[in-house]
Amino acid sequence: MNFESVLMMLGGIGMFLYGMKLMGSSLESAAGARMEKILERLTSNKAKGVALGAGVTAVIQSSAATIIMVVGFLNAGILKLAQGVPVIMGANIGTTITAQILRMGDINGDNFLLMMLKPSSFAPILIVISAFIMLMSKRQSLKDKMGIFMGLGILFMGMTLMENSFAPLAESEEFGKVFTLFENPFLGVAVGMAVTVLLQSSSASVGVLQATASTGVVTFAMAAPIAIGCNLGKCVTVLLASVGVNKDAKRAVTIDVTMCVLGSALFLLAIYIYQAVIGFDFWNDTVNRGSVANFHTLFNVVIAIVFLPFINLLIAISKKVVKDKEGYSKMDQELAMLDPRFFDTPNVALEQCRKVINIMCDTGRESFNIAYGLVEKYDEKQREIIDENEAFLDKTETVLGEYIVHITERSLSAKQNIFATELLHTVGDMERIGDHVDNLAEEAELMHNDGVKYSDESMEEFSYLKAAINEVLEMTSRAYETEDVSAVLKVEALEEIVDDMVDAMKINHATRLKEGKCTVERGVSFIEMLTDIERISDHCNNVCQHLLQRLNGQELSTHDRKHENEEEQKAFDELYAFYHEKFLKPIE
């Protein structure tokens, strides 16, 4: 093997890895956050979990990436351990799809249509067509789809380069002699593991084995231990993913490594005992790409079948290895959702940010209701809950902001960039809602210390305003959680109602001052609270406006939007009239 062949082999490996990465990232972008939502909806059905794990891995072309994603979900508390283990089993099966695709290189024949099915024939065509469309198209969704085919073409071109670099070795007696050393199962497994660790992909290392098999000198006795070693090698990547995660995530990694190591040992023991006692007819026969792909798939399917009935036992063993410690605080549990392991799948990372923002919204609503209760009857313990919530919102704003910035450092699509920008705006609005609620609590504390109380008329007006703000916060949470456009329109109408309610309450307050029903001291506090409450509804409206702009694929703007058509304006007017009757009319 001369220097030129070595360069060709390295270039082929590079193209193979890049093609696999491009295909997986394009598929992930095209799929959006659906993969995460599918994983979250797992039931106790173990077979379904295996199928979903295999499907997701077939999409992103990396079992290690899927397992790391599951580890992240476990760390965030999204999945339970019993749900995550079947997905991990399925991920190990899904990773074999790449080898099955590459077996098409074995196609032979003079028929034109048959020859076009060979990767060396259709790969250049895939690259040319997809590159042309990607350069000409302005639609990101179409570019993502073409990226899938571009990645597939580059992957096959890399495979062809590797095969061409190995071709001269077919006539080399020295190469044949060296490769016979790999009939030793320990050496074969070690080589397979080393290649996977080096390439950081078991799919890629099996692809290299398939390329080597194209020389016609690799026998089943040589290929079997190497293929098993390729599977074992990905455990290193998964083990690295267990650093800094919670106990369930560590247990999942422990289970995966246990299955790989124990499964490999049992599989090797079974085939070598059978070979020694009875013997395989094909043991010394040469293998091709298809033979390697089939063995790779068989190994992972058998491992899943063997261990699937023992999931509860595996979980019990993992709990013995990784013992329970003191749990996380509420703040740590929520922020654990922002796992850096999701950075390589930006859609998933962005979805995690959206979930944390929903928690911020719920926290703000809880604090608002407590703060209103403090106006009626001050309670120091309830005041402490607001302080804790405010600390959570402040810390979350900082952590989320840093997390989103790290996401934007990746190569994002235009749609993902708009999403990230919207998240940054929204987290700021959510934190400001917390600040205004904290101001309300401070006013309530001052009133308590000074012995100030509002009149019955003021408190009755406040009860309607409280109900309106509660509905604004609820609709904002619903709009953001479900991306419900109709809820956005309701928030718009409610925000105007709240503005009008505040104006009406200020007029009523001025009347009470003139009539001597209210003191100046109570009046200043009253106006301060009205201002903070009005700001809460303003920030809710900001959140919904940015959400709507993102859903419409628009650049984010702080300008108030205009209703696009008469039908939308009519719907808005009807909502305003409804909320006017419900909240504003009783205090006018």
Side-chain angles (χ1 to χ4, degrees), residues 1 5 9 12-13 92-93 95-96 98-109 118-119 159-160 162-196 198-199 202-233 260-303 305-306:
M1 197 174 191
S5 296
M9 178 191 69
I13 292 174
N92 292 326
I93 296 174
T95 193
T96 66
T98 306
Q100 293 294 345
I101 293 173
L102 293 174
R103 71 179 303 161
M104 288 189 290
D106 287 332
I107 295 174
N108 290 308
K118 287 179 66 69
M159 188 67 179
T160 302
M162 281 193 285
E163 290 173 358
N164 291 339
S165 69
F166 286 128
L169 299 177
E171 307 298 328
S172 172
E173 292 184 8
E174 290 79 6
F175 178 74
K177 290 177 181 178
V178 169
F179 225 85
T180 56
L181 296 174
F182 300 141
E183 290 183 357
N184 182 308
F186 298 106
L187 184 58
V189 169
V191 168
M193 287 184 65
V195 175
T196 297
L198 182 65
L199 300 181
S202 60
S203 295
S205 60
V206 172
V208 172
L209 178 59
Q210 287 178 288
T212 310
S214 66
T215 61
V217 300
V218 181
T219 65
F220 181 83
M222 303 171 190
I226 296 176
I228 292 174
C230 290
N231 270 276
L232 276 170
C260 282
V261 173
L262 188 57
S264 298
L266 291 174
F267 204 86
L268 282 168
L269 194 62
I271 61 176
Y272 278 98
I273 289 176
Y274 186 90
Q275 171 60 21
V277 176
I278 301 174
F280 293 104
D281 294 337
F282 51 83
W283 187 252
N284 293 311
D285 293 347
T286 58
V287 295
N288 56 22
R289 303 175 190 84
S291 303
V292 173
N294 289 338
F295 180 80
H296 188 218
T297 301
L298 177 67
F299 169 76
N300 284 287
V301 170
V302 168
I303 295 301
I305 292 173
V306 168

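No side-chain donor from either of T297 and N294 sits under 3.5 Å from a side-chain acceptor of the other.
When all heavy atoms of T196 and G229 are compared, the closest pair comes out as OG1-O, 4.4 Å. Taking each heavy atom of V206 and C230 in turn, the nearest pair found is CG2-CB, 3.8 Å. Across all their heavy atoms, Q210 and A293 have their closest contact at NE2-CB, 3.8 Å.
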Side-chain atoms of residues 264-283: list all donor-acceptor pairs with protein atoms under 3.5 Å, sequence neighbours left out, distances to 0.1 Å.
{"from": "S264", "atom 1": "OG", "to": "C260", "atom 2": "O", "distance (Å)": "2.6"}
{"from": "Q275", "atom 1": "OE1", "to": "F280", "atom 2": "N", "distance (Å)": "2.8"}

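Residues satisfying the side-chain hydrogen bond (donor to acceptor under 3.5 Å, both in side chains) criterion with N231, sequence neighbours excluded, are H296, N300. Evaluation of the side-chain hydrogen bond (donor to acceptor under 3.5 Å, both in side chains) rule for T286 yields no partner, not counting sequence neighbours.
Rounding to the nearest 0.5 Å gives a distance of 12.0 Å between CE of M222 and CG of N184. Atom-to-atom distance recorded for I303:CD1 and L262:CG is 8.0 Å, nearest 0.5 angstrom.
Of the options L209, V195, V218, a side-chain contact (heavy atoms from CB on, under 4.5 Å) to I226 is made by L209 and by none of the others.
F220 has its side chain within reach of V287: a pair of non-hydrogen atoms, C-beta onward, lies under 4.5 Å apart.
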